[in-house]
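Structure first, commentary second.
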Amino acid sequence: MPELPEVEHVVRALQTVVAGRVIVKAELHRQRLAPDITPRSFAKKLAGATIKFIHRRGKHILFDLDNRRTLIVHLRMSGKFLLLTSDDADPKFAHAVFYFSDETRLVFQDQRHFGLMKLVDTSKLYEAKELSKLAPEPFSDEFSPGYLITRLKASNRALKEFLLDQTKVCGLGNIYASEALFLAKISPSKRTQAVSKARAEALFISIRDVLDEAIRSGGSIEVDPRNIGEGVYGEGSETAWRVYDRENEACPDCGSAIRRIKQAGRSTYYCGKCQR
DNA sequence: ACCCTCACCTGCACGC
DNA sequence: TGCGTGCAGGTGAGGG
């Protein structure tokens, strides 16, 4: 269910715990987790591979293998990784399992079944349709106030919906989109073309601040090797959210009641007084 | 090209 | 206790 900071946290944990390990056997228990590949082919292409490096693009986790392939994983709403030992049974919803030589195994568990995996040639990784249309990484030079202004002008949706579009801005999800708009003091319903240059610049800063703050707080979480990939929001992160999930609570800046509205079928939280 | 709605799943909290 | 409803951090397909 994670947004970019939680995926970043999962990637760091995986890099610590499974980088350098050899996959001696792999099983795809649920075909639709990886619809482009048969369970048989999945097993064959992963068996014997060493996990070289784990990184990320947007909310996608990328396992670079030593056989010129990369495993792309998206956690979607409920996907998580668990590192289990031979004493542990597979939990419910264990849709893929990677066995290592030391009797441990990495289990991909996904209660809601929305997660996705895909195996691609590493040389063509960024041509994969999952990655090719993503907006620039939010901390890259390519993502700039100028970039944001151009994309805002090219669209005319409500700003909150725009922020959730990973081809426009990458990494925000439903929580951090609300949070970024609160920091920038802009209404989530404002049309993207009506955002002034100055306010677009403020929004640019807020997007980075929200993500950076969340990555920092997640970075302080101790890695639980049995539950390395839960992608949880940082310890006590709910208390750090300024408006998300706080309908009718007091705005931290002005004290007026935080509102909840529906946009594109999803809840948006904001302060009607501070955000115009 | 954009924009909107729905679909994909399970589980949990809520009101009656 | 149960049952119905609405909700959940994400996206893609399919329509207009």
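None of the values given here were measured: they were computed from a predicted structure. Below, chains carry the letters A, B, ... as their sequence lines are ordered, and counting in each starts from 1. The analysis underlying the following values was restricted to heavy atoms, covering all of them including side chains, and did not include hydrogens, waters or symmetry mates.
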*Give every residue pair that meets the ring pair (Phe, Tyr, Trp, His ring centres under 6.0 Å) criterion with at least one member in residues 194-215 of chain A, sequence neighbours excluded.*
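Listed once each, the pairs are A:Phe143-A:Phe204.
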*Would you mind listing every side chain to side chain donor-acceptor pair (under 3.5 Å) that reaches into residues 141-150 of chain A, with sequence neighbours excluded?*
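Every pair satisfying side chain to side chain donor-acceptor pair (under 3.5 Å) with a residue in residues 141-150 of chain A: A:Tyr147-A:Arg151.
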*For residues 32-53 of chain A, pull every pair meeting side chain to side chain donor-acceptor pair (under 3.5 Å), keeping only residues two or more places apart or in separate chains.*
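Every pair satisfying side chain to side chain donor-acceptor pair (under 3.5 Å) with a residue in residues 32-53 of chain A: A:Thr50-A:Asp66.
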*Boundaries of the DNA chain B segment in contact with chain A, non-hydrogen, under 4.0 Å*: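 The footprint of chain A covers B:dC3 to B:dG11.
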*Reading DNA chain B 5' to 3', what string of ( ), [ ], | and . shows its pairs, if Watson-Crick and G-U wobble pairs count only when both distances fall under 3.5 Å?*
.|||||||.|||||||
Tell me which donor-acceptor pairs under 3.5 Å the side chains of residues 90-100 of chain A have, and how far apart each pair is, sequence neighbours excluded?
residue	atom	partner	partner atom	Å
A:Asp90	OD1	A:Arg105	NE	3.1
A:Asp90	OD1	A:Arg105	NH2	2.8
A:His95	NE2	A:Asp110	O	3.0
A:His95	NE2	A:His113	NE2	3.4
A:Tyr99	OH	A:Glu27	OE1	3.2

*What's the CD-P distance between A:Gln263 and C:dA8, to the nearest Å?*
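My rounded result for the distance is 13 Å.
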*List in chain and number order the residues that pass salt bridge (Lys or Arg N to Asp or Glu O under 4.0 Å) with A:Asp165, two or more places apart in sequence or in another chain; answer none if no residue qualifies.*
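Only A:Arg157, A:Lys168 meet the salt bridge (Lys or Arg N to Asp or Glu O under 4.0 Å) criterion with A:Asp165.
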_Run the side-chain contact (heavy atoms from CB on, under 4.5 Å) test against A:Ala19 and tell me which residues pass, sequence neighbours left out._
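side-chain contact (heavy atoms from CB on, under 4.5 Å) check on A:Ala19 returns A:Gln15, A:Ile54.
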*All pairs passing salt bridge (Lys or Arg N to Asp or Glu O under 4.0 Å) where residues 256-265 of chain A contributes a residue, at least two apart*: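 Listed by first then second residue: A:Glu247-A:Arg260.
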*What do you reckon, are the aromatic ring centroids of A:Phe81 and A:Phe63 less than 6.0 Å apart?*
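Yes, ring centres under 6.0 Å apart.
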*Of all residues at least two apart in sequence or in a different chain, which pass the side-chain hydrogen bond (donor to acceptor under 3.5 Å, both in side chains) check with A:Glu137?*
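Scan of A:Glu137 (side-chain hydrogen bond (donor to acceptor under 3.5 Å, both in side chains), adjacent residues dropped) gives A:Arg56, A:Arg57.
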*Give me the residues of residues 264-272 of chain A where at least one heavy atom lies under 4.0 Å from an atom of DNA chain B, by number, or none.*
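Nothing qualifies; none.
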*asked:* Connecting only ILVMFWY residues whose side-chain heavy atoms lie within less than 4.5 Å of each other, what is the rest of A:Ile149's hydrophobic cluster?
replied: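 Noted: A:Ile149 shares its cluster with no other residue.
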